[in-house]
Structures are given as C-alpha cells and as structure tokens.
Amino acid sequence: MTELALWILSLVVVGMCLYWIFRFHWFLPLETSWDHAREFTKELSEYARVPYTREILLEIIQKALMGLHRLFPRCAFWVFERELETGWKIFSQVGMPYQSRLTPLVTFQGGSLESLGKEGASMVLEEQNSSDPLLKLLKETGIRSLCLIPWGVEEGLRGVLGVGSFSRKVDPRRAGFFLEILKTYLTPVFFAAHGLWDLRREEEHLKGEISVAMQELSESNQQLIRRSRERRALYEVASAIETQPQNPEASLVATVNIVARAVEADVCAFLLLNEEDQELVTQPGAYGVEQDEISLYRIPLSNADSTSVRVFLSGEPFMTEDAQSDPRVLRRYAELWKIHSLIVVPLTLEGRRLGVLRVASHHAHFFTQDHLDLVVHVVKEAAVIVEGVLLSRRLSQTADELSQLNRLKDEFVSTVSHELKTPLTAIRGFLSVILQGEAGPLTHQQERFLTIAQSASERLYHLISDLLDVSRLDNRVEMEIVPTALESLLRSSVESAGVQAKEKGVNLELEVPEDIPLVSADPKWIRQVVDNLISNGIKFTPGSGAVRVQAVSKGDAVLVCVRDTGVGISAEDKPRIFEKFYRGKGPRNAIFPGSGLGLAICKSIVEKHGGHIWVESELDQGSQFFFTLPAAPQESASVNGGQAQDKNMVSG
C-alpha cells in the first residue's frame with residue numbers, strides 16, 4: 001500500500017513537473033507572443049493615418065520597426081522599396097550598428113530581392129556564398145540569419161520587409177508573425193500614401209498651371225487695358241482730326257489734352273522744330289502750361305544738355321522719376337513747369353524728326369513703363385497731326401507770300417495797263433486820222449505800213465483791255481445783276497460779229513426759242529462772254545465753216561451753246577483751256593493770234609454769276625462751248641418781260 005501510494009505520489013509529482021515545464025516552455029512564450037502582438041497591433045493602430053509626405057511615412061515606419069526591435073533586441077529590421085528607375089533601395093532600418101548601417105543612397109539591382117516569391121524566404125547567411133551584393137553586405141555587418149517577406153505585390157507596389165539576427169540562438173523567423181502584421185498595415189498605407197502623393201503632385205501641378213494661367217490672364221487683362229487706353233486715345237485723336245480737318249492747330253491742342261487725360265498727366269506739350277532758327281519751340285495751347293513767353297520757351301539744337309534736344313537728335317524716348325533731381329535734365333525747365341516725373345518722346349514721320357512731346361506730372365515716381373508705351377504708341381499717330389500743322393503753317397506762309405506777290409502783280413498790271421492805255425488811245429486815234437487822209441495824201445507803201453501799225457495797236461489795245469478785265473475780276477468786281485433778256489443780248493452779239501464772219505466766209509447762225517426765260521445777269525459782262533466765244537469760234541473755223549449760237553431753258557437755268565466746225569481742241573489741251581495765258585500747243589495754234597486770256601475771263605464772269613462753263617471738243621471735229629446762267633425769279637421776270645414787250649411795241 002505504501003509502495004502504491006509512493007508510486008502514485010511519484011506520478012503526480014512527475015505530472016506536475018511536466019505541466020509546469022510545458023507551460024513555461026510552450027504556452028508561456030505563446031501567450032507572451034500574443035500579448036506582444038496585441039500591443040504591437042495597438043501601437044500600429046495609433047499610426048493608422050495616411051501620411052501626407054514621405055517624411056511622415058518614414059517616421060511611422062521607423063516607430064513600428066523600433067517597436068519590433070524592443071521585442072527582438074538582438075535583431076535588425078529593414079524596409080526595402082523598389083523604384084522603377086533606380087532599383088531596390090533601403091526605405092527604413094532599425095537595429096543596425098551605427099558604423100554598419102545601410103545607406104539609403106545604395107541601390108540594389110536584381111538579386112534576392114527581385115527573385116523573392118510571395119511566401120518570402122529565410123536563409124542562414126553563414127551557409128550562403130552568394131554574389132548578391134545585399135547578402136554580402138549584410139553578412140559583412142554581422143548578420144547570421146535572415147528572413148525576407150514581400151509586401152504590396154497585389155497592389156502594384158514592390159517592397160520587402162526584412163529581419164536579420166546577429167545571434168545563432170535567435171531565429172529571425174520568430175519575428176515573422178510580427179512582420180506579417182506590419183505587412184498587413186504597410187501595404188495599404190504605402191498604397192494610399194502613393195495615391196495621395198500622386199494626387200498632391202497633380203494638385204501642385206494643377207495649382208502651378210492655374211497660377212501660370214492666372215498670371216497670363218492678369219497680364220492679358222493688363223495688356224487689354226493698355227490696348228483699350230491706346231485705342232481710346234487714338235480714337236479721340238482721330239476724332240479730333242476728323243472734326244476739324246481745316247484747323248490742324250486746333251487738332252494739335254486737342255491731341256495734348258487727349259494724351260494728358262490718357263496718362264493722367266499734369267503737363268503735356270509739343271516742342272516742334274523751327275527749321276529756320278534750328279530751335280525746338282513750345283507750341284501754344286500746351287496742357288498745364290502758362291501761355292506766356294517764359295513758359296513757351298525755345299531750346300536751340302546746339303544745347304546738348306537739354307533732354308528734349310537729346311531725345312530729338314537720338315530718336316530714343318526718355319523717362320525719369322524725378323526731373324528736378326535728375327542730372328540728365330535741365331533743372332530750370334523742370335522747375336519752370338513744376339514737374340517731377342517726366343516722359344519725353346520723339347516725333348518722327350517717315351524718318352524725319354518733327355519735334356518732341358513732353359508729358360509730365362507734379363508728383364515724383366508717377367509714371368511707369370506702361371505710361372511710356374502708351375505715349376510712344378499715341379505719338380506715332382499724332383505725328384501725322386504735327387506734320388499737318390507744320391505743312392499748314394508753311395502753306396499759310398506761302399499763301400501769304402503768294403497773295404502779296406499776286407496783289408503786287410495785279411497792282412502792277414493794272415497800273416501798267418492804265419498807263420499804256422492812255423498813249424495807246426492817242427496812237428489809235430492819230431493812226432485812224434492819218435489813214436482817213438485827213439492829214440494829207442498817203443503813198444501806197446505809207447498806207448500799208450500804217451495799216452499794219454493800226455492792226456498791231458488794235459491787238460495791243462485788246463490785250464490791255466483783257467488785262468484790265470482780269471485785274472477787275474480778280475479784285476472782286478461787283479456785278480450789276482438784273483433780269484436780262486438773253487435773246488436780245490445774243491442777237492446783238494451775233495449781229496456785231498457778222499462782219500468778222502462774212503470777211504472770213506463763215507456762216508453765223510442764231511437759234512433761240514421765243515419763250516426763253518429772262519436770266520439774272522449783268523448784261524455788259526455776259527455780252528463780253530458771248531462776244532469772246534463767238535469771236536473764238538469764227539477765228540478757229542476755216543472758210544465755208546459754220547458757227548451756231550443756241551440757247552435752251554433748263555428750268556432754273558438757261559444753257560447757252562456756241563458751236564463751231566473749226567479745228568477742235570486736243571485731249572492734252574482741253575483740261576487747261578480755261579487757264580490764264582494758256583494757248584494750245586502745236587503748230588496749228590501758232591497761226592491764230594491771241595493772249596490766252598479770253599476763255600479765262602469768260603470762266604471768271606460765268607462763275608461770278610453762279611453759272612458753270614465747259615467745253616466738248618475733239619481734234620478736227622469742231623468745238624462746243626457751253627455755259628449756264630440762273631433764270632431770273634418769276635416775279636421779276638414777268639415785270640421786266642412786260643416792260644420789254646411794251647418797249648418792243650413802242651419801237652414797232
């Protein structure tokens with residue numbers, strides 16, 4: 001009994017010993033591992049956020065690896081990441097001696113990391129004799145055994161978790177369970193982080209593009225504003241020219257006002273070149289400048305210290321932020337106009353320098369490059385106005401000089417004509433007396449010579465009369481416009497020219513309807529027009545030809561036509577036939593005497609009556625001279641017509 005009890009007691013003791021041995025060697029480490037796994041998972045859950053930057057991800061991975069290193073202090077841990085361009089690279093590491101740490105700059109191509117399967121791999125480096133640079137490097141740092149677990153293969157990422165033991169007694173595979181937990185965490189975090197980083201890169205790219213677009217839009221907007229201001233200024237300048245085309249001086253004043261408003265300037269003035277004095281002269285009407293002799297100053301081109309002169313000579317615009325302190329500007333002129341900010345732009349047209357435009361502000365640092373560009377652009381168009389002003393002044397000066405010369409010429413012609421007419425009248429009278437035989441009998445030769453002299457004196461007399469008529473017409477002789485019976489005037493003129501036509505053998509005809517209305521005319525001057533046209537027709541028509549005078553009513557006007565069958569007028573001569581002293585070219589015109597004043601006198605007389613005169617002719621086809629006269633008002637025509645009828649009845 002005692003032996004049985006002892007045997008049973010022995011079995012109980014052995015059983016208890018086996019229990020505690022099994023518990024301490026198997027269940028206790030297993031429970032400890034589960035506790036550590038729960039703590040590690042809890043620690044990872046605290047980092048469960050998507051890292052915004054690679055540095056934050058590295059910090060999270062580093063903390064996780066440090067947690068594993070606390071559980072396995074004699075092991076080292078690594079996280080490898082594969083980059084498409086450079087290959088495998090160390091992302092994070094914990095547990096390596098400082099002098100043996102793997103540098104993140106080292107890359108590994110191919111090798112064990114590239115050929116690793118989904119299940120991973122374990123190896124004892126002491127038994128390995130591989131040429132893999134990573135394994136050789138780890139072996140040199142004291143790692144004896146190694147466990148590698150891939151991650152992220154399914155999500156398109158490539159990475160490897162690694163744990164290495166420095167002791168033969170520590171199996172790195174014991175940390176594999178924890179690496180699986182880290183793998184489960186690491187794969188979605190890396191995937192989300194890369195997605196977030198891609199989104200952030202795309203966001204930064206879009207922000208950059210938006211920023212560039214906004215900058216371009218801002219620049220375009222500023223450019224549109226500048227262009228709008230330029231267009232508005234140019235439109236106003238063009239409008240100023242269009243509204244006052246005959247007054248370029250007013251356009252010049254309007255232009256300086258427009259430029260001053262466009263750039264918000266206090267002063268704007270043109271300084272134009274006076275070629276005679278070789279000076280830049282400030283023009284009247286300058287904006288913001290006193291209109292006195294001191295303010296409207298003149299600068300010789302020899303004054304090289306003047307900004308305006310330098311700009312004029314060089315053709316380059318000038319701008320300064322403070323003219324009164326800038327050594328490049330003559331201070332006395334800046335103080336005279338009380339200016340600080342200053343822009344000076346040359347006025348150039350087709351390579352010729354016309355002057356400069358000075359635009360200024362009473363405030364310093366007021367103008368910008370945009371203001372300068374605007375002024376330069378506007379001045380290019382304004383140069384046309386300036387050219388117009390200069391031409392207008394030269395034309396006005398020339399017109400004054402020509403008017404003075406013309407007045408002197410008219411006075412000279414009138415004086416000389418009057419002085420010649422008096423002795424010529426005496427000569428004509430004495431020649432007529434002698435030829436009539438009242439001074440005694442003449443030989444045949446004497447009579448022939450005196451007849452030639454009388455003919456020459458008559459021509460000279462008519463020339464002097466024409467010159468006097470031209471002088472009177474140019475001096476605005478007053479016409480005595482009255483209702484005139486054109487039919488009787490034409491008939492009288494035809495009858496007077498009948499002798500000349502008969503002597504030359506030309507048939508002279510008159511065709512006037514009985515109901516031709518009265519015209520408003522000066523009978524004496526219109527008679528001269530008709531006489532000149534009929535005389536010309538007879539003169540240029542050969543014998544057996546015809547000259548016909550016609551008149552026809554055109555409502556408010558009466559048309560008179562003198563038609564001949566003479567030599568006609570060439571197309572070259574026709575445009576100038578009514579000019580003073582113009583006579584047709586060609587040998588055939590040389591045989592017809594004349595001064596070239598008759599048709600000019602006719603044109604002046606008709607136009608002073610409010611009519612119009614013209615010619616239709618071809619060479620060797622005869623000529624038709626037309627002129628119009630306004631019909632007399634109905635009431636005046638009826639009264640005067642009745643009086644004319646009474647006179648005809650009395651005469652009859």
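The main-chain N or O of V615 is never found under 3.5 Å from a side-chain atom of K574 such that the two would form a donor-acceptor pair. Formation of a donor-acceptor pair under 3.5 Å by the R358 side chain with backbone atoms of L342 is not found in this model. The main-chain N or O of F91 is never found under 3.5 Å from a side-chain atom of Q93 such that the two would form a donor-acceptor pair. In this structure, the side chain of T307 engages the main chain of R328 through a donor-acceptor pair within 3.5 Å. A donor-acceptor contact shorter than 3.5 Å links the side chain of Q278 to the backbone of E275. For S92 (side chain) and L58 (main-chain N/O), no donor-acceptor pair under 3.5 Å exists by modelled atom type.
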Given the rule in the side-chain contact (heavy atoms from CB on, under 4.5 Å) test, do L330 and N303 qualify, once you have shown the distances and angles that lead to the verdict? CA-CA 10 Å; L330 291 178; N303 189 350; 3.8 Å; yes
Go through it in stages, so that I can follow the logic: the residues are L599 and N532, the test is side-chain contact (heavy atoms from CB on, under 4.5 Å), and I'd like the CA-CA distance, side-chain angles, deciding distance and then a yes or no. CA-CA 7 Å; L599 291 178; N532 279 346; over 6 Å; no
Determine, stepwise, if the pair Q283 / V281 fulfils side-chain contact (heavy atoms from CB on, under 4.5 Å). CA-CA 6 Å; Q283 300 302 297; V281 183; 4.0 Å; yes
Mind running side-chain contact (heavy atoms from CB on, under 4.5 Å) on D322 and D326 for me, showing each step along the way? CA-CA 6 Å; D322 192 350; D326 194 328; 6.0 Å; no
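Within the 4.5 Å cutoff, the side chain of I210 has no heavy atoms near those of the K207 side chain. Residues V289 and V267 meet the side-chain proximity criterion, which asks for heavy atoms closer than 4.5 Å. Side-chain atoms of L273 and L301, non-hydrogen and from C-beta on, do get closer than 4.5 Å to each other. Contact annotation: the side chain of L347 approaches that of L272 to within less than 4.5 Å [non-hydrogen atoms, C-beta and beyond]. I605 has its side chain out of reach of D522: every pair of non-hydrogen atoms, C-beta onward, lies at least 4.5 Å apart. Two residues are said to be in side-chain contact when any heavy atoms from C-beta on lie closer than 4.5 Å; L134 and W88 fail this criterion. Side-chain contact between P346 and S314 is absent, with no heavy atoms from C-beta onward closer than 4.5 Å.
Once rounded to the nearest 0.5 Å, the distance linking CZ of F318 with CZ of R310 reads 6.5 Å. Once rounded to the nearest 0.5 Å, the distance linking OG1 of T320 with NE2 of H365 reads 9.0 Å. Interatomic distance, F366 CZ to I343 CD1, rounded to the nearest 0.5 Å: 9.5 Å. Put simply, CD1 on I526 and NE2 on H609 are 4.0 Å apart, with the number rounded to the nearest 0.5 Å. Taken from CZ in F627 to CH2 in W614, the straight-line distance is 10.0 Å, to the nearest 0.5 Å. Considering CD of E81 and CD1 of I90, their distance stands at 10.5 Å, rounded to 0.5 Å.
Between H69 and F77, the ring planes are perpendicular. Angles over 60° get that label, and only those under 30° would be called parallel.
Atom CD of E616 has more than 12 neighbouring heavy atoms from other residues, nucleotides or ligands inside a 6.0 Å radius. More than 12 non-hydrogen atoms from other residues, nucleotides or ligands lie less than 6.0 angstrom from CD of E203.
When all heavy atoms of A334 and A323 are compared, the pair lying nearest together is CB-CB, 3.9 Å. Of all non-hydrogen atoms in V79 and I61, the two that sit nearest each other are CG2-CG2, 3.6 Å. The shortest non-hydrogen separation linking V359 to V259 is CG2-CG1, 4.1 Å. Closest approach of S308 and L271 over heavy atoms only: OG-CD2, 4.1 Å. When all heavy atoms of D266 and H363 are compared, the pair lying nearest together is OD2-CD2, 4.2 Å. Pairing each heavy atom of A260 with each of Y287, the nearest pair is CB-CD2, 3.4 Å.
Among H340, M319, E264, the single residue meeting the side chain to side chain contact (heavy atoms under 4.5 Å, CB included) criterion with F367 is M319.
Take R200 and apply the salt bridge (charged side-chain N to carboxylate O under 4.0 Å, His left out) test, not counting sequence neighbours, and it matches no residue. Listed by chain and residue number, nothing satisfies the side chain to side chain donor-acceptor pair (under 3.5 Å) test with E276 (two or more places apart in sequence, or in another chain). The ring-ring contact (aromatic ring centres under 6.0 Å, His included) search around F578 returns none, not counting sequence neighbours.
A salt bridge links R298 with D277: the distance from a Lys NZ or Arg NE/NH1/NH2 to an Asp or Glu carboxylate oxygen falls below 4.0 Å.
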